[in-house]
J.: 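Supplied in structure tokens, the structure appears directly below.
Quick note: residue numbers are just sequence positions, from 1.
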Amino acid sequence: QVQLVESGGGLVQPGGSLRLSCSASGISFSIYYMGWYRQAPGKQRDLVATTTSGGTTNYADSVKGRFTISRDENTVYLQMNSLKPEDTAVYYCNACHISVYWGQGTQVTVSS
């Protein structure tokens with residue numbers, strides 16, 4: 001069975017940092033495009049960052065320069081620096097190839 005499990009969310013002050021992780025099982029990880037999405041209450045789920053199997057990355061304009069996506073053998077990461085209150089959301093891991101899979105989400109709250 002395919003599983004994507006996120007971890008690393010929590011409460012952080014503005015300007016702080018968090019590192020999210022998503023561990024995948026049940027897929028040939030190296031051939032999947034991986035991504036992070038986020039959804040705030042009352043808003044749509046938006047793309048945050050993606051990475052191809054070759055390591056090419058893409059970022060939403062709102063996080064460019066502050067967030068970094070990376071991947072290793074079976075895990076995709078999102079390093080989040082200089083966090084702002086508007087970054088508060090549930091963050092979801094995504095894997096895409098022939099099929100698309102989603103993790104359960106992890107809450108990130110940026111507040112004083």
Side-chain angles (χ1 to χ4, degrees):
Q1 291 77 14
V2 176
Q3 290 187 324
L4 303 177
V5 180
E6 300 100 332
S7 62
L11 174 66
V12 65
Q13 293 185 347
S17 298
L18 285 174
R19 182 177 174 86
L20 306 183
S21 299
C22 172
S23 296
S25 62
I27 62 172
S28 298
F29 183 80
S30 63
I31 68 173
Y32 276 74
Y33 286 65
M34 301 297 299
W36 288 95
Y37 294 71
R38 67 186 181 186
Q39 186 169 25
K43 301 182 68 176
Q44 68 181 21
R45 185 175 297 186
D46 292 328
L47 185 149
V48 176
T50 61
T51 181
T52 70
S53 60
T56 300
T57 59
N58 189 48
Y59 299 91
D61 288 341
S62 59
V63 307
K64 189 179 292 291
R66 300 187 297 120
F67 291 11
T68 303
I69 189 171
S70 61
R71 63 193 294 168
D72 61 17
E73 290 299 323
N74 71 330
T75 304
V76 61
Y77 306 92
L78 186 68
Q79 178 66 47
M80 305 185 293
N81 298 327
S82 301
L83 283 161
K84 305 174 181 179
E86 52 262 45
D87 295 318
T88 296
V90 177
Y91 284 70
Y92 297 91
C93 178
N94 167 271
C96 182
H97 185 51
I98 297 174
S99 300
V100 179
Y101 303 99
W102 292 93
Q104 82 289 348
T106 185
Q107 177 71 47
V108 172
T109 302
V110 185
S111 176
S112 299

J.: A quick test of your reading: do over 12 heavy atoms of other residues, nucleotides or ligands sit less than 6.0 Å from CD of Gln13?
T.: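 For Gln13, atom CD is not crowded (no more than 12 foreign heavy atoms under 6.0 Å).
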
J.: Could you go through the side-chain contact (heavy atoms from CB on, under 4.5 Å) check for Ser111 and Leu11 one step at a time?
T.: CA-CA 7 Å; Ser111 176; Leu11 174 66; 4.3 Å; yes

J.: Would you please say whether a donor-acceptor pair under 3.5 Å links the side chains of Asn94 and Tyr33?
T.: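 There is no such pair (donor and acceptor under 3.5 Å, judged by atom type) between the side chains of Asn94 and Tyr33.
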
J.: Of all heavy-atom pairs between Ser23 and Thr75, which one has the smallest distance, and what is that distance?
T.: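 For Ser23 and Thr75, the tightest heavy-atom pair comes out as OG-OG1, 3.5 Å.
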
J.: Parallel, tilted or perpendicular: which describes the rings of Tyr91 and Phe67, with under 30° parallel and over 60° perpendicular?
T.: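 It falls in the tilted class, 30° to 60°.
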
J.: Between Val90 and Met34, is there a shared hydrophobic cluster once you connect ILVMFWY residues whose side-chain heavy atoms come closer than 4.5 Å?
T.: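 Val90 and Met34: separate clusters.
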
J.: Same cluster or not: Trp102 versus Leu47, using hydrophobic residues (I, L, V, M, F, W, Y) connected whenever any side-chain heavy atoms lie under 4.5 Å apart?
T.: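 Per the 4.5 Å side-chain linkage, Trp102 and Leu47 are co-clustered.
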
J.: Supply the atom-to-atom distance Ser7 OG to Leu20 CG, rounded to the nearest 0.5 angstrom.
T.: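 The distance works out to 8.0 Å.
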
J.: Is any side-chain heavy atom of Ser53 closer than 4.5 Å to one of Ile31?
T.: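 Side-chain contact under 4.5 Å: no.
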
J.: Going only through I, L, V, M, F, W and Y residues with side-chain contacts under 4.5 Å, is there a path from Tyr37 to Leu4?
T.: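 Different hydrophobic clusters.
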
J.: Would you say Phe29 and Ile69 are hydrophobically clustered, going by side-chain heavy atoms of ILVMFWY under 4.5 Å?
T.: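 Yes; tracing contacts between hydrophobic side chains, which count when under 4.5 Å, links both residues.
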
J.: Does NZ belonging to Lys43 count more than 12 external heavy atoms closer than 6.0 Å?
T.: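 Atom NZ in Lys43 is not crowded, with 12 or fewer foreign heavy atoms closer than 6.0 Å.
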
J.: What's the spacing between Ser28 OG and Ile98 CD1 if we round to 0.5 Å?
T.: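 Ser28 OG to Ile98 CD1: 10.0 Å, rounded to 0.5 Å.
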
J.: Compare every heavy atom of Gly8 with every heavy atom of Leu18, then report the nearest pair and how far apart it is.
T.: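 Smallest heavy-atom distance, with atoms named: CD2-O, 3.8 Å.
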
J.: Are side-chain heavy atoms of Leu83 and Pro14 found at a separation under 4.5 Å?
T.: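 No; the side chains remain at least 4.5 Å from each other.
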
J.: Could you tell me if Arg45 sits above the aromatic ring of Tyr92, with its cationic atom closer than 6.0 Å to the ring centre and no more than 45 degrees from the axis?
T.: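 Yes, Arg45 and Tyr92 form such a contact.
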
J.: How close do Ile27 and Ala24 get, heavy atom to heavy atom, and via which atoms?
T.: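 Looks like CD1-CB, 4.1 Å.
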
J.: Parallel, tilted or perpendicular: which fits the ring planes of Tyr32 and Tyr101, with parallel below 30° and perpendicular above 60°?
T.: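 Aromatic pair Tyr32/Tyr101 classed tilted.
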
J.: Which residue is it: Thr106, Asp46, Asp87? I am looking for the one with a side chain to side chain donor-acceptor pair (under 3.5 Å) to Arg38.
T.: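 The single option meeting the side chain to side chain donor-acceptor pair (under 3.5 Å) with Arg38 is Asp87.
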
J.: Taking atom types as modelled and ignoring hydrogens, do the side chains of Gln104 and Glu6 form a donor-acceptor contact shorter than 3.5 angstrom?
T.: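 Side chains of Gln104 and Glu6: pair found under 3.5 Å.
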
J.: Could you check Trp36 against Val76 for side-chain contact (heavy atoms from CB on, under 4.5 Å), going step by step and ending with a plain yes or no?
T.: CA-CA 9 Å; Trp36 288 95; Val76 61; 3.8 Å; yes

J.: Tell me whether Tyr77 shares a hydrophobic cluster with Val63, the cluster being built from Ile, Leu, Val, Met, Phe, Trp, Tyr side chains joined at under 4.5 Å.
T.: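 Not linked; separate clusters.
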
J.: Measuring from atom CG of Asp72 to atom OG of Ser30, what distance do you get when rounded to the nearest 0.5 angstrom?
T.: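 Result: 12.0 Å between the selected atoms.
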
J.: Once you round to the nearest 0.5 Å, how far does CZ of Arg19 lie from OG1 of Thr68?
T.: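 The OG1 atom of Thr68 is 9.0 Å from CZ of Arg19, to the nearest 0.5 Å.
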
J.: Under the side-chain contact (heavy atoms from CB on, under 4.5 Å) rule, what do Thr109 and Val12 come out as? Steps first, then yes or no, please.
T.: CA-CA 6 Å; Thr109 302; Val12 65; over 6 Å; no

J.: Report yes or no: do Ser17 and Asn81 form a side-chain donor-acceptor pair below 3.5 Å?
T.: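 Checked: Ser17/Asn81 side chains pair up, N/O donor to acceptor below 3.5 Å.
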
J.: Of the non-hydrogen atoms in Arg71 and Thr52, which two are nearest, and what is the gap between them?
T.: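 For Arg71 and Thr52, the tightest heavy-atom pair comes out as NH1-O, 3.1 Å.
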
J.: Determine, step by step, whether Thr88 and Val108 satisfy the side-chain contact (heavy atoms from CB on, under 4.5 Å) criterion, reporting the C-alpha distance in whole Å, the side-chain angles of both residues, the deciding distance to 0.1 Å, and the verdict.
T.: CA-CA 5 Å; Thr88 296; Val108 172; 5.9 Å; no

